[in-house]
Structure formats: C-alpha cells, structure tokens
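What follows is a single structure, written as structure tokens, with notes after it.
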Amino acid sequence: MVLYSAYSYLCRRISCYMSPELKKILCSRRGILLAGAFLTLLYAWFSHGYYHHDEHYQILEYAHMKLFGTPTVEHLAWEYPLMMRSGVQPWIVWCLGRLLLAAGLYSPYFLVFLLQLFSGALSIGALVIFGRVVRRETDDEQQERLFLALGLFLWFLAYLHVHFSAEMLTGNLLLLLAGLTLHYASTDRRHELRWGLLLGTLAGATFIVRYQSGFALLGYGLWMLIFCRRPKLFIGMVPGLCSMLALGLLADRWFYGQWTLTPINYLRENILHGHMLKFGVEPWWYYFTTSLTEGGILFGLLVWAAMLRFFWTHRRHIVTWILIPFLLVHFFLGHKEVRFFFPAFFFAPYFITLFWQELRQTAPLRLRQWLVGLMLAFNAGAILFVLVQDPADIYFYRMMDRYCEEKGDVVALNLADEKTYYSWPQYVIEARVIETRFYMPKRFDNRHFATAEALEEAARMLTAEQRHVVVLSADPELAEKSGLQLRKIVWSPYPGWVTRHCNFNDWTRYSVRSKNVYEVLPNEEIAQKAL
C-alpha cells in the first residue's frame, strides 16, 4: 500500500528519462524484486547488532564455544547446562565458521554478514512463493506486486528479514509452509507423496528451530485433517517430519555431548518450573500496547486491524488456523515479549494487501493519501536510520579491536555484578557471568571480580607487571571514586557533527553512560603527573 504507491509514483516521475524497456522493468514484479533484493543486501551489510540478547547469546556464543572452546560452560547462558535450547542454529553457524576458518577468511563481522545474507535470501524466497498465492487468490497481478512491495520495503520487515534468530527463521518457514500448502491445494494434487515429503520437512524444520511453533503446527495439522483429507499426502509427510526431528536430535547430541530431548527440557524448565516468569510477568493486553509503541502507532494499528479483519472474514483459511493458536497461547503465558509475535508479522503484507482492497472501496481518497504520506515518511526515516547508524555495542567492539591492535595484550577487569559489553550477570538458577567472547579481540583477557577491593588489588599487581590494564564499569564517575589512578576513554557511536550540533539535552549519552572504559595509569605515568 504505502511503499508500492510511492514506488509506482517514483517510476512515473522518472519515466521520461528512461527507455521504455527500463521503465517496464522498474514498474514490474521483477523491478520490485530487484529493488527489494538490493535493500535486503544493504540491510545484511549495514544492519548490525541484535534485537534481543537471545539472538546473540543463544546462537553466536554457543557456536563460538564449539569453534574455539570459549566462552566456557560456566560463562554460557543459564539454559545451556539445562540443555533446553535447540542446537540447530548454532550448528549452522559452526559449519559456516569452520568453512571461513579453513579459507582463512574468518571474522565475526563477516560471519554475521553471511548469516544475515542467508536469512535475507530465505525471506525473499518465501515472499516470492507466497506472492503466487496472493496472485491466485485475488486473480490480480497488481495485488501480488503490492504484497511484494510491502514485504520487501516495510521497515520492520526489512529489519527482521536479515536477522538470524529463531523467531525470524520460524516466520519464514511458516510463510513457506502455508504458501506451499495453498499451492498444493490449488493444483490437481498429483505427486502427493512428494508434496507430503516437502511439507513434512518444512513442518519439522519449523519445530526444531523454535519449539513454540508447535502451537502453530498444531493448528496447521488440524486444518489439514479437516479441510485437506489426503491420506497419501499424510503418508508422505511422515518421513519428512521424522527426518527433521532426527536432525534436531543429532544436532542436540553434537551440541551438548549427550543424548537429550531439548523440547521436553524446555517445557519442564520454562513452563513447569516457571523460570521464564523470572524475566517479568505482563498483563494480557501487553502485545497490543507494546506493538504500537515499538512499531509505530500507524503501522501497528494497520497491522492489527488488517490481521483481525482477516481472521474474521477468512475463518476457514490455513493462515487463520496457523496463527490463532500460536497467538492465543502467547497471550495466556505470563512472560511476554514482542519478539514472540514476530513469526506472525511475516504474514502482515498479506493481511494489509487484502485489507487495502476493501479500504480502497470505503475510505475517502483524501484520507488514504494522508495515511500513505505519513507512513511513507516514517518508513523512509526508519530505513535510513538503521542503515546509517551502527548500534552502540557493535561500535564498541570495533573500537576495542582497534584499541588492542594499538596497545597489544590488554587485560580488562570488571565487577561480576555489573553489565558491560563483554559480560552480563544472570540470576536465574544461580548467579553467573555470561561472556561475550564472539566479538572479543584475540589479545583481550577479561577477568571478573566479586568486590571492588579485589579488582583494585589485581589492577595494581598487573600494572606492576607492566601489563596494560583497563577497567570496564557501569559507573560513569568511577575515575573520581576509585582508589586507582584511572583515565577515562571517551567514545561515542555517533558522528562528531551529531554530538556537536544535535546533542539536545545530551541525549547521545544514553547509549554509552553505563558502558565505560578506564585505562589504569602505570606507575611511571602517575609519577610524571605528580611532578
């Protein structure tokens, strides 16, 4: 709706400068796909960091442990000793990391780029396949182009598509599963065993990536039994489903070093033992309000209105049967996060496309134009911000890489109960310090201390040994309070012109105020300053 209208307008405005062939390509399905693929490539290259800590600590740190032996088990997230996370995604990262190491090309940033490139390519493939469903259901090629434009250019989807997290991968797999099932239902239903093998494989892959998708697969299975009673198809699904479950079992065996059933472990620890509730309990309306604040009020209202309208008018549709059980279960769970709903957001372009068809017939033209203009402006700003601004954590990691290249071996000290960019205290089962070894420089030795006195004593001893020592602290005024002679390293992820001319009320301090780095001055430098 928003971006397709803008895209069409742009094509019309510049058409006088183009040949008829180029004009036709840009305004076609192929042109939208090419432009969308280019934007996805930009996001894969420039969109760094992660949306939630699990995207990093439950995948990248696990893979780093299998690649290099660090972080050690006592410094991994609390879920690892309980064996409750799938080993499939860490295995994928490990395989890619091994290839890069063998080729001499390993870099944590390059590895993440390749993972994001893979995720983006999968997202484009899923959109293309489901776009065929839209075209067939609406009998209108323009609606397919609208769906593709929304799927590729909506800012929150462009951001989500390239992230290699369980929620994003699940969303793509569910979109593929629904699209291919509808494609099968629209054909003459030949080769049922082959179709069953494909659909069963997709369903199994969806489950072993994220176990919560089992509720969506339950709805999928009920829809198949009620509306698609094809015995040969079901027989074909069995080997595909079992092969993926076996792959998940083998990946977990490789990951944990012993045979275990991680879905059972996950259910026992998070649901029966209630560990997930330790991260907060939210009211039932949390998803309505938070999705509006995080995604923008206009976009949030549009997605909710389009989705609820679709559920009501398409009660027998496979997408309705997949998403309603998935969403309802998350509404009833005490601990809620917007990312739990991300798999459903991958269907948002489909909902909006059908909703816009109805809105065009009822809403006044003037109102629609204002909505398109506002959303286009917000969407363009959000896309540009993500592309041009490095997250503070990634900027910090790159800064420390350069710092260690200049200084050589560096010993970093921090209190165990303070969060820094290289460590994170957790208090779920027991107190533990989670380490961020994936981005840590090779010549960087990070040590944790229970008390400030123990930290200061270690700093003095290391300094006396002529070691280069820094202190990582959440306290922005540590230099004035500590018994050590400290020099603060001033850093900011924002360009100099932003901090000089646009830093109203010192807003740029918020991303770095609890991530401070202090150099411990050696004795010789202290003596020189005293003179």
Side-chain angles (χ1 to χ4, degrees), residues 49-65 68-85 90 108 165 269-270 273-282 335 337 339 391-397 399-400 410-441 444-459 462 469-479 481-482 484 486 488-489 491 509-518 520:
Y50 48 80
Y51 176 83
H52 188 272
H53 299 104
D54 282 2
E55 185 180 343
H56 177 90
Y57 289 100
Q58 306 294 348
I59 300 176
L60 298 182
E61 290 300 331
Y62 286 166
H64 193 274
M65 180 267 295
F68 303 104
T70 57
T72 51
V73 173
E74 64 268 20
H75 291 305
L76 288 171
W78 64 277
E79 292 97 332
Y80 185 83
L82 299 176
M83 296 183 289
M84 52 181 287
R85 291 288 183 176
S165 71
E269 299 298 334
N270 260 346
H273 293 171
H275 292 318
M276 65 184 302
L277 300 180
K278 297 176 182 179
F279 293 94
V281 177
E282 305 292 343
H335 178 60
E337 296 180 33
R339 65 189 177 100
D393 53 350
I394 299 297
Y395 184 91
F396 178 83
Y397 298 142
M399 179 193 73
M400 292 307 296
V410 175
V411 182
L413 315 177
N414 68 274
L415 294 177
D417 60 353
E418 286 189 350
K419 182 178 178 181
T420 73
Y421 278 136
Y422 287 123
S423 64
W424 183 27
Q426 280 190 339
Y427 306 95
V428 182
I429 304 298
E430 59 183 7
R432 62 197 295 121
V433 177
I434 310 305
E435 288 190 341
T436 308
R437 289 279 171 174
F438 183 79
Y439 289 111
M440 194 174 290
F444 192 87
D445 181 11
N446 194 197
R447 305 181 187 182
H448 320 290
F449 298 87
T451 64
E453 291 75 15
L455 184 150
E456 291 180 7
E457 181 180 356
L462 290 166
V469 183
V470 298
V471 177
L472 308 178
S473 175
D475 188 351
E477 300 178 355
L478 182 65
K481 303 175 183 178
S482 175
L484 300 170
L486 302 176
K488 188 174 184 178
I489 298 177
W491 68 280
R509 77 184 188 279
Y510 291 114
S511 61
V512 300
R513 60 181 174 178
S514 61
K515 309 298 187 299
N516 304 283
V517 187
Y518 300 91
V520 180

Check whether Glu418 reaches the backbone of Ala474 with its side chain - one donor and one acceptor, N or O, closer than 3.5 Å. yes
Examine distances only and state if a side-chain atom of Gln58 and a backbone atom of Arg85 form a donor-acceptor pair shorter than 3.5 Å. no
Polar side-chain atom of His75 near backbone of Val433 as donor-acceptor pair, under 3.5 Å: yes
Under 3.5 Å: donor-acceptor pair, side chain of Lys488, backbone of Leu478: no
Knowing that exactly one of Tyr397, Phe444, Tyr422 qualifies, which makes a ring pair (Phe, Tyr, Trp, His ring centres under 6.0 Å) with Tyr439? Tyr397
Say whether, by atom type as modelled, one donor and one acceptor occur between the side chain of His448 and the main chain of Asn414 under 3.5 angstrom. no
Would one find more than 12 heavy atoms of other residues, nucleotides or ligands at under 6.0 Å from atom CD of Glu457? no
For the residue pair Tyr57 and His53, does the interplanar ring angle fall in the parallel (under 30°), tilted (30 to 60°) or perpendicular (over 60°) class? tilted
Should the pair Tyr50 and His56 be assigned to parallel (<30°), tilted (30 to 60°) or perpendicular (>60°) ring geometry? tilted
Check for a donor-acceptor pair, side chain of Glu61 on one end and backbone N or O of Phe438 on the other, with a separation under 3.5 Å. yes
Is Tyr421 reaching over with its side chain to a backbone N or O of Leu472, donor-acceptor style, under 3.5 angstrom? no
When you measure from the side chain of His273 to the backbone N and O of His275, does any donor-acceptor pair fall under 3.5 Å? no
